[in-house]
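Worksheet: one structure, shown below.
Note on naming: letters A, B, ... go to the chains in the order of the sequence lines (proteins, then strands), and numbering restarts at 1 for each one. Only this structure's heavy atoms are used, side chains among them; waters, hydrogens and symmetry mates stay out.
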Protein chains: 2
Amino acid sequence: MGVPAVELSERRAAILRLIISDYIQTAQPVGSEGLVQRHRLELSSATIRNEMARLEDEGFITHPHTSAGRVPSDQGYRYYVEFLMGDPELPTDEKLRILHQFHQATSHVAQWLQLAAAVLSQSVHNAALVTAPRVAQVRLRQLQLVALHEHTALLVLVTEEVKVRQQVMTFADPVTQDELTRIANRLNAQWSGLDAPAIRARPVDPGSRDEAVRIVVAGILEEDEAAGFSDAHVEGLRNVLEQPEFSRSTKALEVLEALDEHNLAATIPAEGPPSGGVTVIIGGENPNAPLREMSVILSGYGSEGGPRGLLAVLGPTRMQYPRAVATVRYMGSVMSALLRRLYGDEDR
Amino acid sequence: MGVPAVELSERRAAILRLIISDYIQTAQPVGSEGLVQRHRLELSSATIRNEMARLEDEGFITHPHTSAGRVPSDQGYRYYVEFLMGDPELPTDEKLRILHQFHQATSHVAQWLQLAAAVLSQSVHNAALVTAPRVAQVRLRQLQLVALHEHTALLVLVTEEVKVRQQVMTFADPVTQDELTRIANRLNAQWSGLDAPAIRARPVDPGSRDEAVRIVVAGILEEDEAAGFSDAHVEGLRNVLEQPEFSRSTKALEVLEALDEHNLAATIPAEGPPSGGVTVIIGGENPNAPLREMSVILSGYGSEGGPRGLLAVLGPTRMQYPRAVATVRYMGSVMSALLRRLYGDEDR
DNA sequence: GTTAGCACTCTCGATTGATGAGTGCTAACA
DNA sequence: TGTTAGCACTCATCAATCGAGAGTGCTAAC
């Protein structure tokens, strides 16, 4: 989708590239005269104007008004991303800088995601979003019961993908810590490695404590599967709001609302591209109305069968695509590697 | 501090109150003529003008420019909060509405804080901040070790105030889950109820697994004590940015930066007022430069010896003080009650 | 102490006109 | 047929100007 049918002549493509890269830098409509001067073109501005007129006919650029320079359209950006910008690679020193920042990464996943979002957003000067890695099927690894009062206990459970969940639960009859420990040991032996349906299928005495625990455990596991990308870390909204296109306060507010941590999860397509691949969604291609003036650069991370997450950069359509794509791709590989290191060869 | 030395005549105080409440509503400088009309005063606008001139001499109000109405100064707001607005109580239906929202509260503390911040911000139409309850001394309740690979395990620990912490740790030699379980059981029996220094003082074999666990556990407990109010939940920045005083985009950005979740913790005085009390910090009284045009309404929650947190409302100095103070106070009592219910009579 | 009257100040919005950037077209040129 | 110079035309932007309106501060009368 979105790939323009028209094939551009070499020269027109070159002009389009110049227009877009100039516009990305200056945020100002670019005129024929200025283009010739800045790039010392061998052609006159009049010729450029003719070519621009054709580019406009074909829908790659537009006019804000009669006498302003040209501005790339969504279709223009699309063509640029697809055919003109090449396959950008991040310079080595930049890669090192990123790696260096990750060197401080603790093994605490939440901090880790926060760090990833911060590094990404800082590196591309735009907003960044990183979702927690998750698997399609959530299985129990181990559970623990901590007595709080006579009738209440804290259930802590660790899933196979090393997520920790907690929930306070109540029992009909008083229980002691000793008893809770025995229950936990027994259930761990029986349920370890199972997912919610399997645990629900396990026989337990009706009305027993085991049953009470089972309800809560299965509930948490199911909730986790349904959670989707809700726990997303967003960083660098500031960078976006600083862009001149959002200088008007009302616009800034709209964007802020769209990018609000709660809404954003829904905004992003649930299924990211396969790890390694990078998807670019430009302006109006975005199904979400408030994001119509923004572009999203998406990449999955993680491994095929294992836990997977999403990373994304969000910014105005006027975005440094080459750099952003390169950074997102590289970050994806770094995250995948970290994930492997952390969760190891758990499937073997 | 900040309490004005000057005692105002009854009439001038009344006029000040009217000016402030009008200005809070309209965000427009209020003029003498309009004041008389809106409130059907028995005095002429000329008299009001005279009184206004005196109020200005004494520093309670100012002029944006020669011929605009009057605007309250920080000192004016301070006087208003201190003497004029009385001791506002939240209407019963509003209290019920808040209670009702809390009815859905899960026992998951993080969600709970999020909810509190959301309710508070929505209720006062400003930004709200809620910090997690914490105690000065963090003690271990129970720990759990989950084998990940041969050399690594996940340490999950539950503190006395029912916080769950996790950390991946590595061992020099391979360990099995059985062994880890034995270690966890033994250490739970020895360390339950102790804080970091006490655990450090416990004898363990040098180089043993117990020692490795001890280092990590003590580290986590100490880190938690030092954490301060870092894990604050902020909600409703939108409300603030929508206010007309922040219509200019640059200003909005400044505020956004100041209220950024990361900076904000540092912004707020670490020690809140005692539970039940409400502190109002107006504009320039705030030590933080970027918050000079904002007011903060603060209250602590929790019980004397137990876990305590902070709630705050942040908005422009032109704020609905009576309502905000009443709401913050009420929310404080609700949160304290919830905290008691959740953690129970743990000291007994 | 209160009030009417009035001059004065200052903001705000609309209008105007000059400026300049940039286009689109035409005609000449290679 | 492609390229270029020339030129009229359009439109945003900016500064200057003007009038209206709001509000004050002062004075003098009540």
Would you tabulate the nitrogen or oxygen pairs shorter than 3.5 Å linking the protein to nucleotides 14-16 of chain C?
none

Pairwise N/O distances under 3.5 Å, protein to nucleotides 14-20 of chain D:
none

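Between B:Gly31 and B:Met52 the shortest heavy-atom distance is C-CE, 4.1 Å. Residues A:Ala326 and A:Pro88 share a closest heavy-atom pair of CB-O, 3.7 Å.
Straight-line distance from the CD atom of A:Glu56 to the C1' atom of C:dG24: 11 Å, rounded to whole Å. Look at CG on A:Asn50: it is 12 Å from C1' on D:dA5, rounded to the nearest Å.
Without hydrogens or angle criteria, A:Arg38 side chain to A:Leu18 main chain gives no donor-acceptor distance under 3.5 Å. At least one donor-acceptor pair under 3.5 Å links the side chain of B:Arg78 to the backbone N or O of B:Val280. The main-chain N or O of B:Ser123 is found under 3.5 Å from a side-chain atom of B:Arg323 such that the two form a donor-acceptor pair. Without hydrogens or angle criteria, A:Arg318 side chain to A:Ile24 main chain gives a donor-acceptor distance under 3.5 Å. Between the side chain of B:Glu285 and the backbone N or O of B:Ser295, no donor-acceptor pair lies under 3.5 Å. Under a 3.5 Å cut-off, the side chain of B:Thr62 and the backbone N or O of B:Ser73 do not form any donor-acceptor pair. In this structure a side-chain-to-backbone donor-acceptor pair under 3.5 Å is missing from B:Ser299 to B:Val278.
In this model, the phosphate group of C:dG24 is not approached by any side-chain N or O of A:Arg54 to a distance below 4.0 Å at OP1 or OP2. Phosphate contact (OP1/OP2 of D:dT24, side-chain N/O of B:Arg70, threshold under 4.0 Å): present.
Within the shown strands, C:dT2 is the pairing partner of D:dA29 under the Watson-Crick or G-U definition, both distances less than 3.5 Å. Remark: D:dT10 base-pairs with C:dA21; criterion is Watson-Crick or G-U wobble with both hydrogen-bond distances under 3.5 Å. Summarising the base pairing, C:dA14 is matched to D:dT17 through a Watson-Crick or G-U wobble pair whose two defining distances lie under 3.5 Å.
Here C:dT3 is the nucleotide among D:dG25, C:dT3, C:dG24 with the atom lying nearest to any side-chain atom of B:Ala46.
Distance check, rounded to the nearest 0.5 Å: CG of B:Leu120 to CE of B:Met331 gives 5.0 Å. We find the CE-OG distance between A:Met85 and A:Ser21 to be 13.0 Å, quoted to the nearest 0.5 Å.
When each of A:Ile61, A:Thr47, A:Ile20, A:Leu55 is checked for a side chain to side chain contact (heavy atoms under 4.5 Å, CB included) with A:Ile15, only A:Leu55 meets the rule.
Under a 4.0 Å N-O distance rule, the pair B:Asp74/B:Arg292 does not qualify as a salt bridge.
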Along nucleotides 7-12 of chain D, 5' to 3', which nucleotides get a B, which get an S, and which get a -, given that the test is a protein heavy-atom distance under 4.0 Å? ---BSS
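The aromatic rings of A:Phe60 and A:Tyr79 sit perpendicular, their planes meeting at an angle over 60°, well past the 30° parallel limit.
Donor-acceptor pairing under 3.5 Å is lacking for the side chains of A:Glu293 and A:Thr317.
Proximity of residues 33-44 of chain A to DNA chain C (heavy atom under 4.0 angstrom from any strand atom) is not detected for any residue. The stretch residues 16-25 of chain A has no heavy atom under 4.0 angstrom from DNA chain C at all.
Taking the side chain to side chain donor-acceptor pair (under 3.5 Å) definition, one finds that B:Tyr80 meets it with nothing, sequence neighbours left out.
Residue contacts shown for B:Ser32 are limited to sugar-phosphate atoms, with no base heavy atom under 4.0 Å away.
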